[in-house]
Amino acid sequence: MNHTTATYAGNPAARTRTRFTMLALLAIGTVINYMDRTVLGIAAPLMTQDLQINAALMGLVFSAFSWTYALAQIPGGIFLDRFGSKLTYFLALTFWSIFTGLQGAAVGLKSLLLVRFGLGVSEAPCFPVNSRVVATWFPQHERARATGIYTVGEYLGLACFAPSLFWLMHNFGWRALFVVVGAVGVLFALVWWRVYREPKDSTTVNQAELDYIAAGGGLEESKTEKTKFAWSDVIKLLRIRQIWGASLGQFAGNTTLVFFLTWFPTYLATERQMGWLKVGFFAVLPFLAAAVGVMFGGWVSDWLLKRTGSANVARKLPIICGLIGAASIIGANYVDSDVAVIAILSFAFFGQGMVGLGWTLISDVAPKHLMGLTGGIFNTCSNLAGIVTPLVIGFIISATGSFFYALVYVCAAAVAGLLAYVFVVGDVHRVQIED
């Protein structure tokens, strides 16, 4: 059957829209996920004074999250393939929220490192679950926009809730900040458990919507819940060019993201000599631009899929354009105006937002019975940027006293990702591996 004929058949008015309820759960969960992993940055100035932790050690604490987050990706994917999306996400959300709250009870470096390690392990299954739920609940031509909707939570959460978090800390202290944010996550875990269902188990989805999802290549998770882990599967997946090429591209995109999550405020304050009030105002703009980039990339990708019927054009072209945009960050080295700097950085972060579409590509190419493991491998590679980028940039700044070559590094990573998508990824299609 012709792909487009199968995908768009049926009467839209007769279909329920339960899939968008599931997408809303993912979007809220992603906002909480990124707030929990980055709230330490808001609390850090007061924490370093109270716990007598110097800046170098606080940098170690920041990076500790990424160590266990990257290491736990493959185990998290194995757990997901074994036990399914509902239980995996419920446990992950509950435990990462508990570890967030426990940061408020830290008494020194060791206890803080332990809870950051726990936070990294607990958050590891989040994006593999997101990818799997989208592949399960959405037809292929809607997946890019669906991915964009939940991914935008990475950026809007920080842009929208940071003022409230600063107010909370100012009035009740940094320990209360962690407790409140952690409690919100635990409450939402209960909402997830009560509301989320697989298509086959949902009581609100009708047959017309199920047929629509199935016609567009939606997956039945019941076929994959009991997949057993084998190292041979990891080796087979790593031999697939689409998977390791896309992983390299995602590492490149995450390099830009990590720069903005870690060093960006310091760059504005030290390299550009902005006051903290000005930093607070300007810092929001690139995050808003990235949120727009996420949504724009998803919309363009699905539009291209409808117009061309080609997953290669629809998935790869927006990501390639996004990596070109991310590489433009190097232009900030050559302008003096604060407005020009923010414009360049906002455009670069806008491009990085489009690279989040890589999760849609992975959901399109991953073997049906190894969605979780494939997502785990992909996220392990991409999130190595969370370990490498802060260390490399810190070394550069220490050695040169400037951010000049730090931005060169971020640009070079984006170019490497661009080359991976052009020359490595190849044809975008559902791959098969032999048993």
Side-chain angles (χ1 to χ4, degrees), residues 127-128 130-131 134-135 138 140-152 154-155 240-260 286 289-329 346-366 374-375 377-385 389 410-431:
F127 279 85
N130 287 358
S131 180
V134 168
F138 285 83
Q140 186 185 41
H141 71 279
E142 290 185 351
R143 288 179 195 158
R145 274 177 292 182
T147 301
I149 288 170
Y150 77 69
T151 304
V152 79
E154 300 177 18
Y155 312 95
I240 297 172
R241 61 185 294 179
Q242 288 93 338
I243 293 174
W244 67 267
S247 298
L248 179 57
Q250 201 74 0
F251 173 90
N254 271 22
T255 297
T256 304
L257 173 63
V258 171
F259 167 77
F260 279 95
V292 174
V294 169
M295 299 302 296
F296 179 75
W299 177 82
V300 167
S301 179
D302 285 341
W303 180 82
L304 286 172
L305 188 62
K306 289 181 180 179
R307 298 282 296 192
T308 68
S310 169
N312 283 321
V313 173
R315 301 310 190 217
K316 290 167 64 176
L317 182 60
I319 295 174
I320 289 170
C321 291
L323 288 165
I324 292 172
S328 71
I329 196 171
S346 295
F347 180 74
F349 212 9
F350 171 88
Q352 189 281 329
M354 295 178 66
V355 181
L357 191 61
W359 275 105
T360 306
L361 185 145
I362 281 295
S363 71
D364 285 346
V365 304
T374 305
I377 292 172
F378 177 74
N379 214 21
T380 297
C381 297
S382 65
N383 280 285
L384 288 175
T389 302
V410 176
C411 172
V415 171
L418 168 66
L419 295 175
Y421 266 96
V422 172
F423 296 108
V424 178
V425 172
D427 189 44
V428 178
H429 64 276
R430 179 80 60 199
V431 298

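Side chains included, hydrogens not; waters and symmetry mates left out as well; all remaining heavy atoms used.
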Nearest atoms (heavy-atom pairs only) where [X] meets [Y]:
X      : Y      : value
Gly245 : Val424 : CA-CG1, 3.6 Å
Ser131 : Tyr150 : N-OH, 4.0 Å
His141 : Leu305 : CA-CD2, 3.3 Å
Ala327 : Ala414 : N-CB, 3.7 Å
Ala311 : Gln140 : CB-NE2, 4.3 Å
Leu357 : Gly297 : CD2-O, 4.0 Å

Would you give the length of the straight line joining atom [atom1] of [X] to atom [atom2] of [Y], rounded to the nearest 0.5 angstrom?
X      : Y      : atom1 : atom2 : answer
Leu361 : Gln250 : CG    : CD    : 9.5 Å
Thr374 : Gln242 : OG1   : CD    : 11.5 Å
Ser301 : Leu317 : OG    : CG    : 9.0 Å
Glu142 : Lys306 : CD    : NZ    : 7.0 Å
Thr360 : Ile319 : OG1   : CD1   : 7.5 Å

Applying salt bridge (Lys or Arg N to Asp or Glu O under 4.0 Å), which residue pairs with at least one partner in residues 415-424 are found, sequence neighbours left out?
none

Sub-4.5 Å side-chain heavy-atom contact between [X] and [Y]:
X      : Y      : result
Ile149 : Met295 : yes
Phe378 : Ile243 : no
Pro318 : Leu304 : yes
Leu323 : Val355 : yes

The side chain to side chain contact (heavy atoms under 4.5 Å, CB included) partners of Thr389 (sequence neighbours excluded) come to Thr255, Val258, Ala385, Ile393, Tyr409

Side chain to side chain contact (heavy atoms under 4.5 Å, CB included) evaluation trace for Phe251 with Cys381:
CA-CA 6 Å; Phe251 173 90; Cys381 297; 5.6 Å; no

Intermediate values then yes/no, side chain to side chain contact (heavy atoms under 4.5 Å, CB included), Phe259 and Ile329
CA-CA 11 Å; Phe259 167 77; Ile329 196 171; 4.0 Å; yes

What orientation do Phe260 and Phe349 show, parallel under 30°, tilted 30 to 60°, or perpendicular over 60°?
parallel

Determine whether Ile362 and Phe127 satisfy the following criterion, side chain to side chain contact (heavy atoms under 4.5 Å, CB included), listing intermediate values before the conclusion.
CA-CA 11 Å; Ile362 281 295; Phe127 279 85; over 6 Å; no

Name the residue from Arg143, Arg307, Arg315 that meets the salt bridge (charged side-chain N to carboxylate O under 4.0 Å, His left out) definition with Asp302.
Arg315

Looking at residues at least two apart in the chain, or sitting in another chain, which of them share a side-chain hydrogen bond (donor to acceptor under 3.5 Å, both in side chains) with Asn312?
Asp427

Yes or no on side chain to side chain contact (heavy atoms under 4.5 Å, CB included) for Tyr155 and Gln352, after CA distance, side-chain angles and deciding distance?
CA-CA 11 Å; Tyr155 312 95; Gln352 189 281 329; 2.6 Å; yes

